[in-house]
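Working notes for the structure below.
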Number of protein chains: 2
Amino acid sequence: MVVSELSDQDVNRIFRALADSTRRDILRRTLVNDVSVSQLADNYDMSFAAVQKHVAVLEDARLVTKEPRGRERMVRGNRDRIRQAQRLLDHFDELWRARIDRLDGLLAEGDPAPSDT
Amino acid sequence: MVVSELSDQDVNRIFRALADSTRRDILRRTLVNDVSVSQLADNYDMSFAAVQKHVAVLEDARLVTKEPRGRERMVRGNRDRIRQAQRLLDHFDELWRARIDRLDGLLAEGDPAPSDT
DNA sequence: CTCTGATACAACCATTTGATTGTACGATAA
DNA sequence: TTATCGTACAATCAAATGGTTGTATCAGAG
């Protein structure tokens, strides 16, 4: 079991990396199978260097890894990171549910909440 | 049942909004209970206007809504949007699983895959 | 060895982002 | 009415982002 605390910076990088259509598309492709950077670049209407940078952003966020394969670099989507991101969103949803529980508690007591300073 | 197609732009905005620690903190607070913009601003070491802008980014991504309350604007976290984001990440995980299924298929056949052009 | 393909990386540029300050305005308290 | 509080919004600015081209390196094909 990997606990792996995610720092705020880590989380920033993960969501930033996901906040771009091209990068999401790259991630999709590299989750389905390993692809070289140049193979990826063929799919987009931008320079090879631009695609390279997008891959670097994903790599920095650890959403993909790169592995040398001859003269190519095979890019592979990292499922673990996806799951960590999922857990982050789960956390938000739990907060929302906590609110509901609190409201239910108030209704049950019929008592106004004291100011929590 | 809300289908609500999310455009690439929508998704960009959602993840971009989540890619900042201050905004995630604002989202957490507004999921737990409604808070005015000035109440939010008290928690951060930056100008009121800066916090206002962060709220605007979250609002633009529809992760929060603002409702007038006297002279204040109460900010409320939008759970539906969180769940939509969760579904987006689920989609990525499904792609990964599809890859595994494909590999399993190959193993079962013991047959090299033809180029899929 | 030589040529080519795949990658790495630096320099550069336009646009966006994240923050600031200053001004204006509606709602409330005195 | 007159302050004052909470907000909205414009102007400004430094830094980060997303793209480009150019140069260098490294592995494989002839």
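Sequence lines set the chain letters: A, B, ... in the order given, protein chains first and strands last, and positions in each chain run from 1. Because the structure is a prediction, the values reported are computed rather than measured.
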SB check A:Asp90 A:Arg87 (cutoff 4.0 Å) = no
Step by step, would you call B:Leu31 with B:Leu27 a side chain to side chain contact (heavy atoms under 4.5 Å, CB included)?
-> CA-CA 6 Å; B:Leu31 281 167; B:Leu27 182 56; 4.0 Å; yes
Report which part of the nucleic acid A:Ser47 touches: base, sugar-phosphate, or nothing (heavy-atom distance under 4.0 Å, all strands).
-> base
Whole-Å gap separating [atom2] ([N]) and [atom1] ([X]):
| X | N | atom1 | atom2 | answer |
| --- | --- | --- | --- | --- |
| A:Leu40 | C:dA6 | CG | C1' | 13 Å |
| A:Asp20 | C:dT17 | CG | C1' | 15 Å |
| A:Arg71 | C:dA6 | CZ | P | 6 Å |
| A:Gln52 | C:dT7 | CD | P | 8 Å |
| B:Asp45 | C:dA19 | CG | C1' | 12 Å |
| A:Met74 | C:dA8 | CE | P | 13 Å |
| B:Arg69 | C:dG26 | CZ | C1' | 18 Å |
| A:Phe48 | C:dG5 | CZ | P | 13 Å |

From the 5' end of DNA chain D to its 3' end, which nucleotides mark the outer limits of contact with chain A, defined by a 4.0 Å heavy-atom distance cut-off (strictly under)?
->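 Result: D:dT17 to D:dG28.
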Does B:Thr22 place a side-chain N or O at less than 4.0 Å from the phosphate oxygens OP1/OP2 of C:dG18?
-> no
Given that A:Ala49 and A:Arg16 both sit by DNA chain D, which one's nearest nucleotide is further toward the 5' end?
->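 Residue closer to the 5' terminus by nearest nucleotide: A:Arg16.
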Qualifying residue, where the test is side-chain contact (heavy atoms from CB on, under 4.5 Å) with B:Ile26 and the options are B:Val35, B:Asn43, B:Val51 =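 Filter result, single survivor: B:Val51.
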Output, in order, the C-alpha distance, side-chain angles, deciding distance and verdict of side chain to side chain donor-acceptor pair (under 3.5 Å) for A:Arg76 and A:Asn33.
-> CA-CA 7 Å; A:Arg76 173 178 311 181; A:Asn33 46 14; over 6 Å; no
So B:Asp10 and B:Ser7, side chain to side chain donor-acceptor pair (under 3.5 Å) or not? Walk me through it.
-> CA-CA 5 Å; B:Asp10 291 334; B:Ser7 71; 3.2 Å; yes
Stepwise salt bridge (charged side-chain N to carboxylate O under 4.0 Å, His left out) check, B:Arg97 with B:Asp93 | CA-CA 6 Å; B:Arg97 278 189 273 128; B:Asp93 196 52; 3.6 Å; yes
Report the residues that fulfil side chain to side chain donor-acceptor pair (under 3.5 Å) with B:Arg83, sequence neighbours left out, ordered by chain and then residue number.
->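 B:Arg83: no side chain to side chain donor-acceptor pair (under 3.5 Å) contacts found.
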When you match A:Lys53 and A:Val37 each to their closest nucleotide on DNA chain C, which lands nearer the 5' end?
->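 Per heavy-atom nearest nucleotide, the more 5' residue is A:Val37.
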